[in-house]
Structure formats: C-alpha cells, structure tokens
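Note sheet for the following structure.
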Number of protein chains: 2
Amino acid sequence: MTSIPPETLAELEAEITARHKTLSKRLRQVAHFMIERPKEVAFGTVAIIARDADVPPSTLVRFANAFGFQGFSDMQKLFRAKLVEETPSYNERVRLARKHSQTSQHTSPMELLEEFTTSNMVAMEQLIKEVNTNDLEKAVSIIYCAQATHIVGFRRSFVVACYFAYALRHIDQRAFLIDGVGGLYREQATTLSKNDALIAISFKPYATETQDTIMSKPNGVPLIVITDSQLSPLTQYADVCFVVKEAEVRSFRSLTASLCLAQTIAIGLAYRVEEELNGSSQ
Amino acid sequence: MTSIPPETLAELEAEITARHKTLSKRLRQVAHFMIERPKEVAFGTVAIIARDADVPPSTLVRFANAFGFQGFSDMQKLFRAKLVEETPSYNERVRLARKHSQTSQHTSPMELLEEFTTSNMVAMEQLIKEVNTNDLEKAVSIIYCAQATHIVGFRRSFVVACYFAYALRHIDQRAFLIDGVGGLYREQATTLSKNDALIAISFKPYATETQDTIMSKPNGVPLIVITDSQLSPLTQYADVCFVVKEAEVRSFRSLTASLCLAQTIAIGLAYRVEEELNGSSQ
DNA sequence: CTGGAAATGAAATAAGTATTTCATTATAAA
DNA sequence: TTTATAATGAAATACTTATTTCATTTCCAG
C-alpha cells in the first residue's frame, strides 16, 4: 500500500496494464476507465467518475491506494499533468512536421504519418462532395433486393472487397468473397444466380481478373463498381459506379475513402432492412 | 453583474480583451492571468490561482461575476472544456451530424456518409496525436532487421493484416499473411524463424486465435501489435504496441486509422531501406 | 458445506475549496 | 480638503468533495 507511486501517466498506465489481471473485479473496472477515458479522470470529481465507471467512490480511492498513491486526488494529478503538458494541437504538429521535413533530407515516419493523415482527411472531404445521393440509394437498393452479394477485387482492391464482405456479413447479409484462390475466379463468378448482385472494386492498374469476373457473370445480375476513374474499364458495365479519389502520398495510394464508402453502403443497408421491417409490421 | 455569461472560452477571451481597459487595477491583473495562463486556470484551485496571479481569492470571484458568471467555478468550466475537446471543429461537426439525423426518423445513406467521413477525420487527428515517434521508428527498425515479416489478424483485423501484407510486398519486403486457412494458424506461426518479425492486429472482441498465434511464435521474435486498447490481451507480449482509436458511428467501427498507420509503417520502411542503401554506397 | 480472508458499498466524517462578509483603503468629484 | 463611491483583502462561513469507517457480501481453501 505504501509502495512508491508512478510519477508519470505513462508509468501508471504501464503498471495498470501489467497488474490488470491480478486486480479484483471492481478494481479492474476502474482500471478500464482510467485507460479508456483519461480526460474524464483528469477533470471529474470522485463522485462523477465513480458514477460513470459504475463503482462506489470508495473504490476509486482504493484503486489509487493500490497503486501507491496517498489518495485519489494524488493520482489524479498525473492525469492533469498529462493534459497540461501535451496539448500540441493538431496545427502545431503539422507545422513542426513541415518545418522538420524542410530542414532535413531524412524522411521520418512521423512526417509520413502527418502527410498520410492529412491527405486522408482531404480525401474524406472529397468523397462526401463527389458521391451522389442517388447512386448511394441505388447501391443500397441493389444489395437489398439481392438474395446474395458477391464481391470481387484483387491486389489492392482485395482489401476493400474483404472489408465489404465482412461488413455485409456483420449485418446478416449473405456475402461471398471472390478471392480467386487457385485462379478459380471465373468459376467462382459462375456461381452467381440471377437474383444475386455483384460488387466489383478495381483500381489502377486494373487487374484483368476483375474484368474477367464481370464478363462471366450471368446476364441481368446488377453490378456495383468502385473504381478510381471514370475511364476505368469497369465503368461501362456498371449499374451504379462510384469514382473515388484516394489520398496519394509519395506515389502511394490509400484505401480509406473506399473503405468509408463500403462502410456507408453496408450500414445504409442495415438501416434499410430495419426500416422495411418496421414499416411492414405496422 | 447578472448579464449573460460567455459560452465558450473564445467568447470569454474576446470579452476580456474588449473590456480590458475599463477594468480596475486588480481585475486587469486577473484578466492578464486568464489570457496568459489558461491551463493553470483550468486546473488550479482558487487559492493557488490567486497566489500565482498575486491577488486575493475574492478578486477571482469578483472577476467571474463581472463577466456574468455565478462564481469562479462557473467560469472555470470554460477553461476546462477547452482542454478536453481536442478537435473543436470536427467534434462540433460530428455532434451536429448526429443531432440532424436524430430529428428525422429516416436515416439516409448520405447522412451516414457525412457521419462516417467526419468521424474518420477525427480519428485521423487523434491518430497523429497519439502515435509516438519512437514507437514508429522502432516498428520500422524491427521490420527492417527482419528477414521476413509475418502478419496475423482475424475477422475485422484481417482487413488490416491483408493490407499490411500487400503494402510490404509492394515495397519488396518478404511478407507472409497468417490467414488461418483450415485452422492451421498455430502451424503457420511455427514456421517463423528466429530472424523474422511478427505483426499482430487485434480489436474487440479479441480473437483468441491471434493470441494463440503469438504464443506459438519462437522466443526472441519481435512482435509489433496494433490494437484498440492498452488493456488488450496482446499488449503485454508486444515489443512495440500501437493503441489506435478508430472512428465509431452507430456502434460500427472503422478501420481507416489502422490502415493509415500500416501504410505509414510500410512507407517509412521503404524510405529507411532507400536511405541505408544510399548511405552504404557512398 | 464451513470458517476465514478479501472485497465491496453505504454512510459518516474529514478535508479542502469557493464564496461572502465586512472593515479598510484607494479614488475621484465637489 | 472633504465626502461619496468604488475597490480591495483578511477572515468567517457555507459548500463541495475526498476519505475513512464499518457492516455486509463474496470468494476460496480446507
């Protein structure tokens, strides 16, 4: 109980992490709160924090004691100190990174991270500007009406395809990922039935496999395309086509915008399903 | 005295500036302190702030009253709020988006897209704030020194794992994706050799397979972890651990921040390789 | 089961803090 | 200079908040 207390929040967090397993049920609950919501801890009163962490106030004091502090307030100081010292606002960090990248020819990972996050944010803003409401509604409708949805995408696009399949399954939609294992993508594509739908994702350099898959699908199966250019070889076959401009940093392209779009379609679908259920039951 | 008080710190600061000249000597002294040392005001007690601003405690209360607040504590809230909200602009937008979508019972896909993009932007800002330079450098070094890198992640994390593998191969690094086909993840993990590295990605609810994989790796193989909480079961085994807070909209989590981090590490590695080559050839 | 130790939570108590009061001092107008 | 008014600060008070206590429950080891 009278062991030496941690002197920084980082130290405390390390100790909490290390001892997490050995703590009692309630103390573990507090541990969670400390790690997950440090800002609330920094400002809150014992009563408020106790309420939000769903423990009695005394448990907070016990927790502090268990980590060597005199009392809760003593521990809280660490949380406050952290908040005071580090508030390098986003803008400040951008400025620092920029300055640094100009003075040294060495490209540090932190600079890269700054560039990627910034570019991705720009891409997000673009996405919302350029995506059309009708297309979005239509895409949702297509999947909603389909008995099953097949998704195809290779190389970089595979990541998006994979996520799409995950998201759809997550909301209880039948989703099949055409992964081309053993080069059998054509065969996988022929398993599509008339009432299914196909989602194809393809970026430069457009994998021919994706195009092949589309060509092999039965007539009448609706196609949703996510690609990076109006001139992509896929656009002409699409019932709905999303042209997504991804962030590009040092000739490397992101996928965040496409992922965000996929997520939106999936959740939009979830709401559609829910609404139709409620609507028809009344 | 009972005028309407400012509602944000910015408003208060504006008012202080405007009325600065008309204030009495002591109140002006307080005004100075409020403007110059807002962080101390946010955390300090009346007694401490009074001491540091070299005025009696009562003057602080008078100052607060003069600007329309009930008391000092009331005014202090503004200072605290400022410190809590990390990204006022985007948080505001998220809040507005949420509010808007609550007024109508129908949730349109476009509204969802607005929410997702906004939340993802916030997540990007958080990412750059919370990722530590040293960790980033260390992660790059680990992969740089490894003969081959193995990547493991199941369910949602699989998408990130997949992208990581893609990105590493793209820059000519040997990367193996532990996909657990046929439940053989343990066997896949045992193929790691001493000089390899392992990257593990795991989010709630932490798949036990990932943990199993880690446990099966040979001793001494360095481990890089990407997860969503300091208390994740993986952190304790990690040589480098990134805790990434993903955007969450309507209880659906994104992956954009993790993807961005993966991208950064991969490209950071590419630069490292390039720099080492140039360095040694001179 | 059963006894004993640890954990828990409600309530009492202690500590700390903000606010108000009021006597005193400075300021400005007549 | 005088007087009315505003400003000021030390100390008392009222409040809030942290901490401790103790009766009760839970959890194990025997």
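All chains are named by letter (A, B, ...) in the order of the sequence lines, taking the proteins before the strands, and each is independently numbered beginning at 1.
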N/O to N/O distances under 3.5 Å, protein versus nucleotides 4-13 of chain D:
from   : atom 1 : to      : atom 2 : distance (Å)
D:dT8  : OP1    : B:Arg26 : N      : 2.9
D:dT8  : OP2    : B:Ser24 : OG     : 2.6
D:dG9  : OP1    : B:Arg26 : NE     : 3.0
D:dG9  : OP1    : B:Arg26 : NH2    : 2.3
D:dG9  : OP2    : B:Arg26 : NE     : 2.7
D:dG9  : N7     : B:Ser58 : OG     : 3.4
D:dG9  : N7     : B:Arg62 : NH1    : 3.4
D:dG9  : N7     : B:Arg62 : NH2    : 3.4
D:dG9  : O6     : B:Arg62 : NH2    : 2.4
D:dA10 : N6     : B:Ser58 : OG     : 3.3

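Between the side chains of B:Ser232 and B:Thr227, at least one donor N or O sits under 3.5 Å from an acceptor N or O. Between the side chains of B:Thr118 and B:Glu114, at least one donor N or O lies within less than 3.5 Å of an accepting N or O.
Using a cut-off of 4.0 Å between Lys/Arg side-chain N and Asp/Glu carboxylate O, B:Glu246 and B:Arg253 are scored as not salt-bridged. Using a 4.0 Å cut-off between a side-chain N of Lys or Arg and a carboxylate O of Asp or Glu, B:Lys245 and A:Glu36 qualify as a salt bridge.
For the pair A:Ile16 and A:Phe63, the minimum side-chain heavy-atom distance is below 4.5 Å.
Rounded to an integer number of Å, the gap from CZ of B:Phe69 to P of C:dT20 is 15 Å. Rounded to an integer number of Å, the gap from B:Phe63 CZ to C:dA18 P is 16 Å. The distance between atom CG of B:Asn65 and atom P of C:dT21, rounded to the nearest whole Å, is 12 Å. Distance, A:Arg51 CZ to D:dA18 P: 13 Å, rounded to whole Å. Look at CZ on A:Phe72: it is 12 Å from C1' on D:dT19, rounded to the nearest Å. Rounding to whole angstrom units, CD of residue B:Gln76 and P of D:dT17 are separated by 11 Å. Summarising the geometry, the separation between CZ on B:Phe43 and C1' on C:dG16 is reported as 18 Å, rounded to the nearest angstrom. Atom pair A:Ile48:CD1 and D:dT16:C1' shows a separation of 11 Å (rounding to whole Å applied).
Using cut-offs of 30° and 60° for the angle between ring planes, the B:Phe43 and A:Phe43 rings count as parallel.
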